Q: 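Shown below is the structure under consideration.
Note that the coordinates shown come from a computational prediction; the quantities given were computed from them, not determined experimentally. When reading the values below, keep in mind they use all heavy atoms of this one structure, side chains included, and skip hydrogens, waters and symmetry mates.
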Number of protein chains: 2
Amino acid sequence: MKQLARTPKDIGHAIRQARKALKLTQKELANRSGVWQETISKIENDVGGTKIDTIFDLLAALDLEIQIQPRTKGMAIPMDELF
Amino acid sequence: MKQLARTPKDIGHAIRQARKALKLTQKELANRSGVWQETISKIENDVGGTKIDTIFDLLAALDLEIQIQPRTKGMAIPMDELF
DNA sequence: AACATTCATGATCTGTAGATCATTATCATG
DNA sequence: CATGATAATGATCTACAGATCATGAATGTT
């Protein structure tokens, strides 16, 4: 289950999906991540911004990680020239 | 080339690498991303937290995107992040 | 419908990210 | 080395994220 993310909203969606896949409530995820339920709700619904630290706390609690990669569409530079 | 990221520091590293691969200065990246050079410096050096909105601004300017995926097996914490 | 659980929202308060300007340090290169 | 370019740091100020508590809405279960 790989999720592409180009906006904060994408992150929120992915987190909600992962949480539900693990059958966790926001409160349970709050407990194991240290992030408050109210904050999780806002992140999942893309209300305001969020700090990456908070995102990483949630991803860790959901056993997820992030990969940074060249965009697959509309690339300015060929992949070979990157890195 | 795909960069794994489990901490804000990983993000900073990836951004710096991508910026240099594109032969951009922090100031140039600042111009095309709307993020200030001083802020980019702090992000690349992992000074304090950062908002995901800012990260996405930089990734977009670098033609990068994020993928969220289950944690792969292997080192949870890279050597240089211990202590 | 009633009840319990889960999620969303609203207010206040504290901490801090980012903008902005100025300055200092570092790196490159002639 | 000297000089110019690039990057880091520091101060101030504004905006807003997140903690916290309370409550309201939604969802589910019997």
Q: Atom CG of B:L24 to atom C1' of D:dA7: distance rounded to whole Å?
A: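 Answer to the nearest Å: 15 Å.
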Q: Given C:dC7, C:dA19, D:dT20, which nucleotide is nearest the side-chain atoms of A:W36?
A: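 Taking heavy atoms from C-beta onward, the closest nucleotide is D:dT20.
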Q: Please state how far atom CG in A:D53 lies from atom C1' in D:dG18, giving the value in whole angstrom units.
A: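 Going from CG in A:D53 over to C1' in D:dG18 covers 11 Å.
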Q: Between B:E44 and B:R19, does at least one N-O distance fall below 4.0 Å, as a salt bridge requires?
A: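 The answer is yes: the pair qualifies as a salt bridge.
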Q: Spell out yes or no: do the side chain of B:Q26 and the base of D:dA8 have one donor N/O and one acceptor N/O closer than 3.5 Å?
A: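 Check fails, no donor-acceptor contact within cut-off.
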Q: Please determine, by modelled atom types, if A:Q67 and B:Q3 share a side-chain donor-acceptor pair under 3.5 angstrom.
A: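 The answer is no; no qualifying pair exists.
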Q: Hey, is A:E65 close enough to B:R6 for a salt bridge, meaning N to O under 4.0 Å?
A: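 Between B:R6 and A:E65 there is a salt bridge, with a charged N closer than 4.0 Å to a carboxylate O.
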Q: Of all the nucleotides listed (C:dG18, D:dA7, C:dA8), which has the minimum atom distance to the side chain of B:T39?
A: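 Nearest to the side chain of B:T39 among the choices is C:dG18.
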Q: Select one nucleotide: of D:dT20, C:dA19, D:dA8, the one nearest the side-chain heavy atoms of B:S41.
A: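 Closest nucleotide to the B:S41 side chain: D:dA8.
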Q: With the 4.5 Å side-chain cut-off for hydrophobic clustering, are A:L29 and A:L22 part of the same group?
A: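 The answer is yes; both residues are in one hydrophobic cluster.
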Q: Would you kindly compare A:Q37 and B:Q37 by the position of their nearest DNA chain D nucleotide and give the one closer to the 5′ end?
A: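 With A:Q37 and B:Q37 compared, the 5'-side residue is B:Q37.
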Q: Can you identify which nucleotide, out of D:dT6, C:dT16, D:dA11, has its nearest atom closest to the A:K51 side chain?
A: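 Within the option list, the nearest is C:dT16.
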Q: Whole Å only: how far is the CD1 atom of B:I52 from the C1' atom of C:dG18?
A: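 Between C1' of C:dG18 and CD1 of B:I52: 15 Å.
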Q: When the distance from CD1 of A:I43 to C1' of D:dG18 is rounded to whole Å, what number comes out?
A: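 For the pair A:I43 CD1 and D:dG18 C1', the rounded distance is 9 Å.
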Q: For a quick check of understanding: with a heavy-atom distance under 4.0 Å over all strands, which category does B:T25 fall into, base, sugar-phosphate or nothing?
A: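 It contacts sugar-phosphate atoms only.
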Q: Would you kindly give the CD1-to-P distance between B:I55 and C:dA17, to the nearest whole Å?
A: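 From B:I55 CD1 to C:dA17 P: 12 Å.
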Q: Specify the separation, in whole Å, of atom NZ of B:K42 and atom C1' of C:dC21.
A: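 Taking NZ of B:K42 and C1' of C:dC21, I get 12 Å after rounding.
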Q: To the nearest Å, how far apart are A:D46 CG and D:dC16 P?
A: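 Whole-Å distance recorded here is 15 Å.
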Q: Are A:R16 and C:dT6 close enough that a side-chain N or O sits under 4.0 Å from OP1 or OP2?
A: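 Negative; the distance criterion is not met.
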Q: Can you measure A:K27 atom NZ to D:dC21 atom P for me and round it to whole angstrom units?
A: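 Going from NZ in A:K27 over to P in D:dC21 covers 11 Å.
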Q: Apply side-chain contact (heavy atoms from CB on, under 4.5 Å) to the pair B:I55 and B:I15, showing each step before the final yes or no.
A: CA-CA 9 Å; B:I55 296 296; B:I15 285 175; 4.2 Å; yes
Q: Return no unless some side-chain N or O of B:R19 is found under 4.0 Å from OP1 or OP2 of D:dT6.
A: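 Checking B:R19 against D:dT6: no side-chain N or O falls below 4.0 Å of OP1 or OP2.
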Q: Under 3.5 Å, is there any donor-acceptor pair linking the side chain of B:E38 to the base of C:dC21?
A: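 Under the 3.5 Å cut-off, the side chain and the base do form a donor-acceptor pair.
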